[in-house]
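Here the structure is laid out as structure tokens; the discussion comes afterwards.
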Amino acid sequence: QQQVKQSPQSLIVQKGGISIINCAYENTAFDYFPWYQQFPGKGPALLIAIRPDVSEKKEGRFTISFNKSAKQFSLHIMDSQPGDSATYFCAAMGDNYGQNFVFGPGTRLSVLP
Amino acid sequence: SAVISQKPSRDICQRGTSLTIQCQVDSQVTMMFWYRQQPGQSLTLIATANQGSEATYESGFVIDKFPISRPNLTFSTLTVSNLSPEDSSIYLCSVRSRDGRLLSGYTFGSGTRLTVV
């Protein structure tokens, strides 16, 4: 199965709150799990990524939590800011150059001031 | 990671015409990828463009509608032909980066927003 499921579809958070977006995959061959941030009118930009040899990766206010046995990973945005308002896509891929990305359907995050 | 320049950034085209989108990368890459993002949707891979060979198209996408050129290792074009309003989307080119010896994520161009009237 190549599908990546993502939830919620949309999320509204108050400034300073924690935003949590969840993704689940089925293909155990996947070994690279990035999150992309996309602002209106722009292409997606790589935000943070994790490989399955670690359970958590943190970069500033952004943290990925990875559960290999459950085949799930999540993005946590701490101290959410209005500037974080964007659409977030999780994705999964294997470490084979010929393999393509599988994107989640996206989560539209709105952070209220 | 690679820097991708994509143009035009947006265009409004008449039904039945074609639009060619250019993608320039600041480094040599084996594969370049073309994606479509319909309004409010996720990204869908159109095709993979290899230098010196024909592009590989995903299910639902055909060469007659989306011809691709890849004349060298830093440049590619995607043409969207015989435009209809259903082609109104954002089109993105991308390349895959490396993190040392491992492959890492895709870098995307800023996209071309196409509106067909």
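Everything quoted here is computed from the prediction, not taken from an experiment. When reading the values below, keep in mind they use all heavy atoms of this one structure, side chains included, and skip hydrogens, waters and symmetry mates.
- Criterion: ILVMFWY side-chain heavy atoms under 4.5 Å apart, direct or through other members. Under it, B/M31 and A/L46 are part of a common hydrophobic cluster.
- Only the side chain of B/T48 comes within contact range of chain A, with heavy atoms under 4.5 Å apart.
- The structure places OH of B/Y106 at 7.5 Å from CZ of A/F103, a figure rounded to the nearest 0.5 Å.
- Within the model, atoms OG1 of A/T87 and CD of B/Q37 stand 8.0 Å from one another, a figure rounded to the nearest 0.5 Å.
- The CG atom of B/L43 lies 6.5 Å from the CD atom of A/Q38; values are rounded to the nearest 0.5 Å.
- By the rule that hydrophobic residues join a cluster once side-chain heavy atoms approach within less than 4.5 Å of another member, B/L92 and B/I46 end up as members of separate clusters.
- The residue among A/A45, A/P105, A/A49 with the most heavy atom pairs within less than 4.5 Å of chain B is A/P105.
- Counting non-hydrogen atoms of other residues, nucleotides and ligands closer than 6.0 Å to CZ of B/R10 gives a total of 12 or fewer.
- If you measure heavy-atom distances from A/Y36 to chain B, the contacts under 4.5 Å come from the side chain alone.
- For residues 55-62 of chain B, the interface with chain A (any heavy-atom pair closer than 4.5 Å) comprises B/E58, sorted by residue number.
- Note on B/L83 and B/Y35: separate hydrophobic clusters, where clusters join Ile, Leu, Val, Met, Phe, Trp and Tyr whose side-chain heavy atoms are under 4.5 Å apart, directly or indirectly.
- Residues A/I48 and A/V111 share a single hydrophobic cluster, defined by chaining ILVMFWY side chains whose heavy atoms lie under 4.5 Å apart.
- B/W34 and B/I63 end up in the same hydrophobic cluster when Ile, Leu, Val, Met, Phe, Trp and Tyr side chains are linked at under 4.5 Å.
- Under a 3.5 Å cut-off, the side chain of B/S110 and the backbone N or O of A/K42 do not form any donor-acceptor pair.
- At most 12 heavy atoms of other shown residues, nucleotides or ligands fall within 6.0 angstrom of atom CD in B/E54.
- Both the backbone and the side chain of A/P44 come within less than 4.5 Å of a heavy atom in chain B.
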